[in-house]
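Below, chains carry the letters A, B, ... as their sequence lines are ordered, and counting in each starts from 1.
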Amino acid sequence: MQKLSVKQARDASSIGLTAKVQGWVRTRRDSKAGFSFIEINDGSCQGNVQAIVPNTLSNYESDIQRLSAGCSVYIDGLIVASQGQGQATEIQATEVGVYGWADPETYPLQKKRHSFEKLREWAHLRPRTNALGAVARVRNCICNSIHEFYQERGFLYVHTPIITASDCEGAGEMFQVTTLDLNNLPRDKDGRVEIREDFFHRPTYLTVSGQLEGETYACALGKIYTFGPTFRAERSNTSRHLAEFWMIEPEMAFYELDDNMDLAEAFLKRLFGDALEKNQEDMEFLNLRVDTTLIETLQGILAAEFKRLPYTEAIEILLKSDKQFQYPIKWGDDLQSEHERYLTEEYFKSPVILFNYPRKIKPFYMYCNDDGKTVRGMDVLVPKVGEIIGGSQREHRLEMLSLRMQETGLNADDYWWYLDLRRFGTVPHAGFGLGLERVVQFVTGMANIRDVIPFPRFPGNAEF
RNA sequence: GCUCUUGUAGCUCAGUCGGUAGAGCAAGCGGCUGUUAACCGCUGGGUCGUAGGUUCGAGUCCUACCGGGAGCGCCA
């Protein structure tokens, strides 16, 4: 017998087909008119398909009337136009079989709404809920759009290492990777750990960014992007940080800062637009249940240019503002969350690309402007989520890069291969990093980043 | 890491001035119905996060610890 997904079975084009539909029961309603309504969902779409199950089936009393939320079943029958409101089709069941029961006394998910905090305790079951299912499908859509966007533009997908010996920007706490027995560490005569006995004969870590490795491929192949997991061992306890998250890092030879900003804006707009267009049902659900301004906000962003603002002008706006900030700001300071929020949510009411930051607050690899005070870094800020992209035109001049490494206290010997890119055929280039979960968070309107990744990792929590 | 907040039935929560536990939903049973987060009735369900303390008496006040959340810093 032909199998149909719930999505297919819900579509009017399936009317007249005899088919098998498999999924999990969401709800059952018995009718004394001689049948039961069973709604099942299989994750293929937001909606459920309704089956009309007559009490003439041999297992009606033994099985059908015992079905509750969470049971897995197959339903064979004829897809017909629904007599009721609310759905185009329904299944006239001729056979229903149970794969697995879900004891209603102990099955955690109820038909009614749960809080996202509670669902986090059941990360293994929460994808069966409407909201988390919608998030998973939107996340998938975004990932697909990421590849499409870059592949269409001739970017190469490059895989940078997850285990790394370089601590990239010298910023961010890293998870150390070791095979040494922590209860019995090899030590030299001074009591220090013999790291040479470790697997790689040197300290190694989980990557915080593939940028430096990405630059090596951009400086050979032109336009590349990475898309993979990234790790930060910072004890961040906020609704927008994870210890393990996915990052997209395009890196382009012969791109300068303006090119970088153009790409970032086109990229985000593509992701937002695709989510609205390809996941309409899920987006409407999220707009109804999670954030009622969601679709309007995204459509507004698609229709307008991102505001591009030099850091220095941003400081002027903040200084002129009559808003009382908890932390006063002056030129040379990094913006606090409250300042970013003011710019995106109140002053411009749109995404903002800040660029040309003070040299002193940015990493060594950003291109130094002629003014000697600023570097060609850029951050894309969006309302609520804050920084969604961080990037820069890279410093491609060997002398300047070496000077900046000295300034920031880095050892040039550790970056010999990175400096080689400037020694041999150096070119202007640029790139940025986009946090996947922050995009998903922004597009879905979910308040907490821990609910847009299947199994979130954060301080003190690695269950599942 | 810091600050604030919160923890009561499977879930969401109420519980007044400190006086010994309550609702809705869910579940079980029954009724009704082309229903649709169905509806109506009945029933069962609690070591009030844990450990101390104050008090004649603590869900309620105090302390510590554990868990959840928000904000800040760090960033994506």
Determine the interatomic distance between C1' on B:rU54 and the same-named atom on B:rC29; round to the nearest Å. 48 Å
Aromatic A:Phe149 / basic A:Arg153 pairing, under 6.0 angstrom, 45° off normal: yes
May I ask you to verify whether the side chain of A:Gln326 and the base of B:rG71 hold a donor-acceptor pair under 3.5 Å? no
Under 3.5 Å for both donor-acceptor distances, Watson-Crick or wobble: does B:rG41 have a partner, and if so which one? B:rC29
How far does the C1' atom of B:rA23 sit from the matching atom of B:rG45, given to the nearest Å? 14 Å
side-chain N/O A:Thr27 vs B:rU36 OP1/OP2, d < 4.0 Å: no
Going by the angle between their ring planes, with limits at 30° and 60°, are A:Tyr357 and A:Tyr311 parallel, tilted or perpendicular? tilted
Which value, in whole Å, describes the distance between the P atoms of nucleotides B:rA58 and B:rU20? 12 Å
Watson-Crick or G-U wobble partner for B:rC4, using a 3.5 Å limit on both distances? B:rG69
Measure the acute angle between the ring planes of A:Phe231 and A:Phe175, then classify it against the limits of 30° and 60° as parallel, tilted or perpendicular. perpendicular
Looking at A:Asn448, I'd like to know whether one of its side-chain N or O atoms comes within less than 4.0 Å of OP1 or OP2 on B:rA70. yes
More than 12 heavy atoms of other groups within 6.0 Å of A:Tyr347 OH: no
What class does the angle between the rings of A:Phe455 and A:Phe464 fall in, given that below 30° is parallel, 30 to 60° is tilted and above 60° is perpendicular? tilted
Expressed as a whole number of angstroms, how long is the span from A:Gln87:CD to B:rG34:P? 15 Å
C1' gap between B:rG57 and B:rG19, integer Å: 7 Å
Quick note, side chain to side chain donor-acceptor pair (under 3.5 Å) partners involving residues 129-143 of chain A, not counting sequence neighbours, are A:Arg26-A:Asn130, A:Arg137-A:Asp282, A:Arg139-A:Glu437
With C1' as the reference atom in both, quote the distance from B:rG71 to B:rC61 in angstrom, rounded to an integer. 28 Å
Distance-only donor-acceptor check, side chains A:Arg29 and A:Gln50, under 3.5 Å: yes
Can you pull every protein N or O that's under 3.5 Å from an N or O on nucleotides 26-30 of chain B?
| residue | atom | partner | partner atom | Å |
| --- | --- | --- | --- | --- |
| B:rA27 | O2' | A:Glu105 | OE1 | 3.2 |
| B:rA27 | O2' | A:Glu105 | OE2 | 2.3 |

Between the base of B:rC72 and the side chain of A:Ser337, is there any donor-acceptor pair under 3.5 Å? no
For the pair made of NZ in A:Lys32 and P in B:rC40, what is the distance, rounded to whole Å? 16 Å
Would you mind classifying the nucleic acid contact of A:Glu244 as base, sugar-phosphate or nothing, using non-hydrogen atoms under 4.0 angstrom? nothing
Any idea which of B:rG68, B:rC75, B:rG73 is nearest the A:Glu117 side chain? B:rG68
At under 4.0 Å, does any side-chain N or O of A:Arg341 touch on OP1 or OP2 of B:rC72? yes
Go nucleotide by nucleotide along RNA chain B from the 5' end; which of A:Ile388 and A:Arg450 gets its closest nucleotide reached first? A:Arg450
With hydrogens left out and only the distance checked, is there a donor-acceptor pair under 3.5 Å joining A:Gln85's side chain and the base of B:rU36? no
5' priority, RNA chain B, between A:Ile361 and A:Gln92 [closest heavy atom]: A:Gln92
In whole Å, what separates the C1' atom of B:rG49 from that of B:rA9? 15 Å
Distance between the C1' atoms of B:rG44 and B:rA27, in whole angstroms? 9 Å
Among B:rG34, B:rG71, B:rA37, which nucleotide sits nearest the side chain of A:Arg289? B:rA37
Any strand, both distances under 3.5 Å, Watson-Crick or G-U wobble: B:rU55 pairs with none
Candidate nucleotides B:rA76, B:rG34, B:rC72, ranked by approach to the side chain of A:Ser31 - the nearest: B:rG34
Of the candidate nucleotides B:rC72, B:rG34, B:rC75, which contains the atom at the shortest distance from the side chain of A:Gln336? B:rC72
Counting only side-chain N and O atoms of A:Ser36, is one of them less than 4.0 Å from OP1 or OP2 of B:rU35? no
Applying the salt bridge (Lys or Arg N to Asp or Glu O under 4.0 Å) test to A:Asp451, which of A:Lys118, A:Arg126, A:Arg240 qualifies? A:Arg126
Ignoring backbone atoms, test whether A:Arg235 places a side-chain nitrogen or oxygen under 4.0 Å from the OP1 or OP2 oxygen of B:rC2. no
Which whole-number value in Å describes the distance from A:Gln65 CD to B:rU35 P? 18 Å
Which of B:rG34, B:rA76, B:rA37 is nearest the side chain of A:His241? It is B:rA76
Under 4.0 Å, heavy atoms only, any strand: does A:Tyr107 hit a base, just the sugar-phosphate, or nothing? nothing
Between B:rC39 and B:rC32, how far apart are the C1' atoms? Round to whole Å, please. 8 Å
Between A:Leu268 and the options A:Leu263, A:Val443, A:Leu302, A:Ile389, the side chain to side chain contact (heavy atoms under 4.5 Å, CB included) test singles out A:Ile389
In whole angstrom, what separates A:Leu119's CG from B:rG10's C1'? 14 Å
In whole angstrom, what separates A:Arg113's CZ from B:rC25's C1'? 14 Å
Decide salt bridge (charged side-chain N to carboxylate O under 4.0 Å, His left out) for A:Glu281 and A:Arg10; before the verdict, give the C-alpha distance in whole Å, the side-chain angles of both, and the deciding distance to 0.1 Å. CA-CA 13 Å; A:Glu281 201 185 24; A:Arg10 277 169 60 80; 3.3 Å; yes
Less than 4.0 angstrom between a side-chain N/O of A:Lys118 and OP1 or OP2 of B:rC11, yes or no? yes
By nearest atom, which of the nucleotides B:rG34, B:rA76, B:rA37 is closest to the A:Ile52 side chain? B:rG34
Quick check for you: among B:rC75, B:rG34, B:rG68, whose closest atom lies nearest to any side-chain atom of A:Arg120? B:rG68
Length of the CZ-P vector between A:Arg29 and B:rA38, whole Å: 5 Å
Could you tell me how far apart A:Asn48 (CG) and B:rU35 (C1') are, to the nearest whole angstrom? 14 Å
Reckon A:Leu436 touches a base, only the sugar-phosphate, or nothing at all at heavy-atom distances under 4.0 Å? nothing
Using the side chain to side chain contact (heavy atoms under 4.5 Å, CB included) definition, which of the options A:Ile64, A:Val98, A:Val53 pairs with A:Asn59? A:Ile64
Per A:Arg232 side chain, nearest of listed nucleotides B:rU12, B:rC75, B:rU35: B:rC75
Regarding A:Gly84, tell me which of base, sugar-phosphate or nothing describes its non-hydrogen contacts under 4.0 Å with the strands shown. base
Name the closest nucleotide to the A:Gln50 side chain, picking from B:rC72, B:rG69, B:rU36. B:rU36
Please give the nucleotide sitting opposite B:rC13 as a Watson-Crick or G-U wobble pair, both distances under 3.5 Å, or none. B:rG22
Atom CD of A:Glu121 and atom C1' of B:rC11: how far apart are they, to the nearest Å? 11 Å
